[in-house]
Colleague: 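A single structure is presented below for examination.
Sequence lines set the chain letters: A, B, ... in the order given, protein chains first and strands last, and positions in each chain run from 1.
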Amino acid sequence: MRRFTPFGVGLLFGLGLCLSGMTDPAKVLAFLDLAGAWDPSLAFVMAGAIGVAFVAFRIAGRRGRTLAGDPVILPAGQSIDGRLIGGSLLFGVGWGLVGLCPGPAIADIGFFDGRAALFVLAMAVGMAGVAALPALRVLAPATSAVEDG
Amino acid sequence: MTIDWIHFTPVSALAGGALIGLAAAWLILANGRILGASGLLGGLIPPRPGDWPWRAEALLGLILAPVVARLLFGTASPTLVAAPATLIAGGLLVGVGTRLANGCTSGHGVCGLARLSPRSLAATVSFMAAAFATVFLARHVL
């Protein structure tokens, strides 16, 4: 069961993205277009996901341990700084340009979509850039040794 | 504001969202990790000994999900119409931005908000605002 977990989590995550409509950039952009014909569906995706996850994190927080007894690793960073806000703004612009955020972009490769693959390739290059450039870290030091997500 | 009632799908949106929440619940309760797509991929660049296999397995499940979703839900292929230059620019911005911010829609938007993290709330408000503004500019101004 534990061995199967990462694959199963990825599969379930992807099934949720597909069923909810998040894998379709046209639907995502229709949600982000407040001034157009607005499709509020994705607010329901967030509500459903957060509702279920909220209960799980309460349980995990109280236990402090996984079901198998391993420690729960929660993000240590608390500070709201320029790196967090600036990075999020850049991410939002990219999301708005194409209608893909990381999870749906990766899943869309499974539809054998070459455009999604190109987007994910560019995304990986961007991630490698942040990992490789020590200058960026000097300008905006990491606030947390543990990633938020 | 005009609501597009024809394309509005509250039931499948809520159900799909619940599955995403269940995936996050499974990972935190079984492995003690936060579910975040940008973290899953970003943690592989570069890969670290002992840390990469679970990430690769989760990403494999994510990529195979559409094959199963077609059978289960009849999910149609995505309508991705952006030009290659836009895809590259958007991908670079999403890659750089999510690594600087340590999270994306899943890590900050779902898990962070579910954990009541002020840091994730600030990130979510920022990327949502930037995305709304970008779509407004692209569709109604430029």
Side-chain angles (χ1 to χ4, degrees), chain A residues 5-7 9-16 18-20 24-26 32-33 37 39 41 44-45 48-50 52-54 56-57 60 66 72 80 84-85 87-98 101-103 107-111 115 118-119 122-123 126-128 130 147-149, chain B residues 4 7 9-10 13-14 16-21 23-25 27-28 30 32 34 36-39 42 45 54 57-58 61-63 65-66 69 75 77-80 82 87-88 90-97 99-105 107 110 114-115 122-123 126-127 130-131 134-135:
Chain A
T5 292
F7 178 81
V9 165
L11 185 66
L12 190 60
F13 179 34
L15 287 176
C18 290
L19 178 60
S20 67
D24 187 1
L32 293 173
D33 188 7
D39 179 353
S41 305
F44 286 69
V45 182
I50 292 170
V52 173
F54 175 77
F57 283 112
T66 65
V72 168
I80 296 170
L84 178 79
I85 302 300
S88 295
L89 291 174
L90 291 178
F91 161 42
V93 171
W95 190 25
L97 275 178
V98 178
C101 52
D108 277 352
I109 295 173
F111 285 106
R115 286 172 191 259
L118 177 61
F119 182 89
M123 198 169 81
M127 289 176 166
V130 175
E147 67 220 37
D148 292 287
Chain B
D4 182 356
H7 294 105
T9 50
L14 203 59
L19 291 185
I20 297 168
L27 191 61
I28 193 71
I34 296 225
S38 61
I45 309 172
W54 80 274
E57 286 168 31
L62 183 55
I63 290 174
T75 307
S77 293
T79 31
L80 188 44
L87 290 168
I88 292 170
L92 284 171
L93 283 166
V94 170
V96 170
R99 286 322 277 160
L100 287 177
N102 269 329
C104 59
T105 331
V110 174
R115 293 193 305 115
S126 302
F127 67 67
T134 301
V135 173

Colleague: Could you tell me which of A:Leu84, A:Leu118, A:Leu90 has the largest number of non-hydrogen atom pairs under 4.5 Å with chain B?
Modeller: A:Leu84
Colleague: Return the minimal non-hydrogen interatomic distance between A:Val98 and B:Gly90, and the atom names on each side.
Modeller: CG2-CA, 4.1 Å
Colleague: Between A:Thr66 and B:Ala30, which heavy-atom pair has the shortest distance, and what is it?
Modeller: CB-O, 3.6 Å
Colleague: Look up atom CG in A:Asp39 and atom CG in B:Asp4, then write down how far apart they are to the nearest 0.5 Å.
Modeller: 5.5 Å
Colleague: Could you have a look at B:Ala69, B:Ala114, B:Ala122 and say which one has the most heavy-atom pairs with chain A under 4.5 angstrom?
Modeller: B:Ala114
Colleague: Would you mind telling me which of A:Trp95, A:Phe91, A:Phe13 has the largest number of heavy-atom pairs within less than 4.5 Å of chain B?
Modeller: A:Phe91
Colleague: In Å and rounded to the nearest 0.5 Å, what is the CD1 to CG distance from A:Ile85 to B:Leu100?
Modeller: 12.0 Å
Colleague: Between the side chain of A:Arg115 and the main-chain N/O of B:Ala82, is any donor-acceptor distance below 3.5 Å?
Modeller: yes
Colleague: Any idea which of B:Pro78, B:Ala23, B:Gly16 has the most non-hydrogen atom pairs under 4.5 angstrom with chain A?
Modeller: B:Pro78
Colleague: Look at B:Leu80, B:Leu92, B:Leu14, B:Val110 and state which one has the largest set of heavy-atom pairs under 4.5 Å with chain A.
Modeller: B:Leu80
Colleague: For chain B, which of A:Ser88, A:Gly87, A:Cys18 has the most heavy-atom pairs under 4.5 Å?
Modeller: A:Ser88
Colleague: Please report the shortest heavy-atom distance between A:Leu32 and B:Val135, naming the atom on each side.
Modeller: CB-CG2, 3.6 Å
Colleague: Look up atom CG in A:Asp33 and atom OG1 in B:Thr134, then write down how far apart they are to the nearest 0.5 Å.
Modeller: 12.0 Å
Colleague: Minimum heavy-atom separation for A:Phe111 to B:Ser77, with atom names?
Modeller: CD2-CA, 3.9 Å
Colleague: Dump the intermediate steps for side chain to side chain contact (heavy atoms under 4.5 Å, CB included) on A:Phe119 and B:Val94, then the final yes or no.
Modeller: CA-CA 9 Å; A:Phe119 182 89; B:Val94 170; 3.8 Å; yes
Colleague: If you take all heavy atoms of A:Ser41 and B:His7, which pair is closest and at what distance?
Modeller: OG-O, 3.8 Å
Colleague: In terms of heavy-atom pairs under 4.5 Å with chain A, which of B:Ala65, B:Gly21, B:Gly91, B:Ala123 leads?
Modeller: B:Gly91
Colleague: Under a 4.5 Å cutoff for heavy-atom pairs, which residue among A:Ser20, A:Gly14, A:Gly103 has the most contacts with chain B?
Modeller: A:Ser20
Colleague: Under a 4.5 Å heavy-atom cut-off, does chain B meet the side chain of A:Leu89, its backbone, both or neither?
Modeller: both
Colleague: With side chain to side chain contact (heavy atoms under 4.5 Å, CB included) as the criterion, how do B:Ser38 and A:Met127 come out once you've worked through the C-alpha distance, each side chain's angles and the decisive distance to 0.1 Å?
Modeller: CA-CA 9 Å; B:Ser38 61; A:Met127 289 176 166; 3.9 Å; yes
Colleague: For residues A:Ala56 and B:Ala25, report the shortest heavy-atom separation together with the two atoms involved.
Modeller: CB-CB, 3.3 Å
Colleague: Nearest 0.5 Å, please: how far is CG in B:Leu62 from CG in A:Leu11?
Modeller: 9.0 Å
Colleague: Nearest 0.5 Å, what's the OG1-CG distance between B:Thr75 and A:Leu19?
Modeller: 6.5 Å
Colleague: What residue, out of B:Ile20, B:Leu27, B:Ile45, has the most heavy-atom pairs lying under 4.5 Å from chain A?
Modeller: B:Ile20
